[in-house]
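Reviewing the structure listed below.
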Amino acid sequence: MKLLTYYKIYYEHRIKKANILLKLYIYLILPFRYFYNLIYLPRKKNLDLAENQNRSLRNLDLSSLFDYFNSDKGESFEDQYIQPFKRTKKKIKGHGYAKYYEENFKNFKNQSISLLEIGSFHGNAAAAFFFYFDKAKIYSGDIFPDLFRYKSKRIFSFYVNSSDEISIKNNILNNNLQFEIIIEDASHCLKDQIISLFMLFKS
């Protein structure tokens with residue numbers, strides 16, 4: 001995680017609302033908080049090695065994979081949106097998307113597909129998709145690609161801003177890639193979702 005990413009996620013909104021004294025205080029503590037949080041960040045996980053070491057993951061359904069990799073798309077997850085040093089093992093309710101995904105994705109499960117996820121964050125859902133679609137190439141786009149915690153020969157993490165048509169064009173469309181599945185889970189703003197739909201539907 002880069003310092004600028006840390007600032008934008010955890011402090012930019014506070015700075016905008018803060019008075020002068022509070023702004024000075026935040027700017028003073030921010031570097032210390034940043035380096036302290038780095039201690040609590042997990043190392044990037046190699047999914048190719050994990051696949052060889054734990055082949056039973058291939059047999060799990062998507063809901064179990066979401067839970068295993070701590071994705072908010074599952075039934076429950078450990079809060080991944082607070083600062084790393086504040087995180088606990090306490091589970092909170094997830095979105096429960098798996099039952100809808102599996103219903104619509106089951107015909108692609110054993111195929112060599114390409115899947116694009118916009119709004120990958122830490123990559124927890126991408127890791128789950130990696131094992132669910134064991135022949136797929138996973139493309140994971142986010143405005144903070146430095147947060148992505150996984151690596152594999154089948155996973156490609158990159159920068160994209162879903163609210164910016166030029167960014168979508170330069171980082172996705174210009175690569176002439178075609179996808180069997182596109183999942184938009186980025187800003188959660190209707191305007192951005194409409195931009196993504198109209199620009200990426202042909203892909």
Side-chain angles (χ1 to χ4, degrees), residues 1-2 4-10 12-13 16 44 47 62-63 65-66 69-75 77 79-81 92-109 111-203:
M1 176 171 58
K2 295 178 181 176
L4 182 59
T5 298
Y6 177 75
Y7 165 76
K8 284 183 171 293
I9 291 176
Y10 299 112
E12 187 174 49
H13 64 288
K16 290 178 180 178
K44 188 170 284 194
L47 293 180
L62 196 49
S63 181
L65 286 167
F66 283 150
F69 286 105
N70 198 45
S71 170
D72 61 0
K73 291 179 171 65
E75 296 299 323
F77 69 104
D79 191 353
Q80 56 187 327
Y81 302 109
I92 58 177
K93 186 174 177 59
H95 298 300
Y97 291 156
K99 57 187 176 183
Y100 304 105
Y101 286 162
E102 289 203 274
E103 182 180 341
N104 290 281
F105 296 167
K106 59 186 176 184
N107 292 334
F108 296 106
K109 192 176 187 320
Q111 297 182 23
S112 299
I113 66 166
S114 292
L115 181 150
L116 169 64
E117 182 191 22
I118 303 173
S120 57
F121 201 51
H122 294 308
N124 297 339
F129 289 132
F130 173 88
F131 286 97
Y132 183 75
F133 300 105
D134 61 0
K135 297 177 183 175
K137 291 181 179 178
I138 314 292
Y139 294 84
S140 299
D142 199 275
I143 56 172
F144 302 121
D146 52 303
L147 293 178
F148 203 81
R149 293 180 178 169
Y150 303 91
K151 58 183 178 180
S152 164
K153 294 176 181 177
R154 292 198 286 117
I155 288 186
F156 309 92
S157 175
F158 62 96
Y159 169 86
V160 69
N161 182 348
S162 66
S163 68
D164 184 350
E165 294 184 27
I166 294 174
S167 180
I168 292 174
K169 182 179 178 181
N170 290 342
N171 295 290
I172 299 176
L173 295 178
N174 285 353
N175 292 322
N176 296 316
L177 295 170
Q178 294 293 311
F179 306 98
E180 281 70 31
I181 297 170
I182 297 178
I183 296 171
E184 203 283 345
D185 192 18
S187 70
H188 309 294
C189 295
L190 181 59
K191 174 184 71 69
D192 298 346
Q193 293 168 340
I194 291 172
I195 290 172
S196 297
L197 172 63
F198 278 85
M199 292 191 71
L200 295 174
F201 189 79
K202 60 186 176 182
S203 296

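Atoms OG and CG, from S140 and L147 in turn, are 12.5 Å apart once rounded to the nearest 0.5 Å. Note that the CG atom of L197 and the CD1 atom of I182 stand 9.5 Å from one another [nearest 0.5 Å]. Taken to the nearest 0.5 Å, the CD1 atom of I168 stands 8.0 Å off from the CG atom of N161. Atom OH of Y97 and atom CD of E102 lie 15.5 Å apart (nearest 0.5 Å). Going from atom NE2 of H188 over to atom CG of L190 covers 13.0 Å, rounded to the nearest 0.5 Å. Rounding to the nearest 0.5 Å places OG of S71 at 6.5 Å from CD of Q80.
For the pair Y159/I143, a side-chain contact is recorded, criterion being any heavy-atom separation below 4.5 Å from C-beta on. The shortest distance between side-chain heavy atoms of L200 and I118 falls below 4.5 Å. Side-chain contact check for I138 versus E117: every heavy-atom pair is 4.5 Å or farther apart. Between F77 and N124, the closest side-chain pair of non-hydrogen atoms is not below 4.5 Å. Within the 4.5 Å cutoff, no side-chain heavy atoms of I9 are placed close to those of Y81. Counting heavy atoms from C-beta outward, Y150 and F69 have side chains that approach closer than 4.5 Å.
Heavy atoms only, all atoms of each residue included: S162 and A186 are closest at OG-CB, 3.5 Å. Nearest approach of S152 to L47, heavy atoms of both residues: CB-CB, 4.2 Å. Residues S203 and L173 share a closest heavy-atom pair of OG-CD2, 3.5 Å.
The aromatic rings of F105 and F133 are tilted relative to each other, their planes meeting at an angle between 30° and 60°.
Formation of a donor-acceptor pair under 3.5 Å by the R154 side chain with backbone atoms of A136 is found in this model. Not one N or O on the side chain of H122 forms a donor-acceptor pair closer than 3.5 Å with the backbone of S120.
Listed by chain and number, the residues in a salt bridge (Lys or Arg N to Asp or Glu O under 4.0 Å) with D72 amount to none (sequence neighbours excluded). By the salt bridge (Lys or Arg N to Asp or Glu O under 4.0 Å) test, E75 pairs with no residue at all, sequence neighbours left out.
Counting non-hydrogen atoms of other residues, nucleotides and ligands closer than 6.0 Å to OH of Y100 gives a total of 12 or fewer. Shown here is K169, whose NZ atom has no more than 12 heavy atoms of other residues, nucleotides or ligands within 6.0 Å. Annotation: K44, atom NZ; neighbour count of heavy atoms from other residues, nucleotides and ligands within 6.0 Å is above 12.
The only member of F129, F179, F130, F148 that meets ring-ring contact (aromatic ring centres under 6.0 Å, His included) when paired with Y139 is F179.
Centroid-to-centroid, the aromatic rings of Y132 and Y101 stay 6.0 Å apart or farther.
Within the structure, every pair that satisfies the salt bridge (charged side-chain N to carboxylate O under 4.0 Å, His left out) test and touches residues 173-195, not counting sequence neighbours, is listed here: K73-D185.
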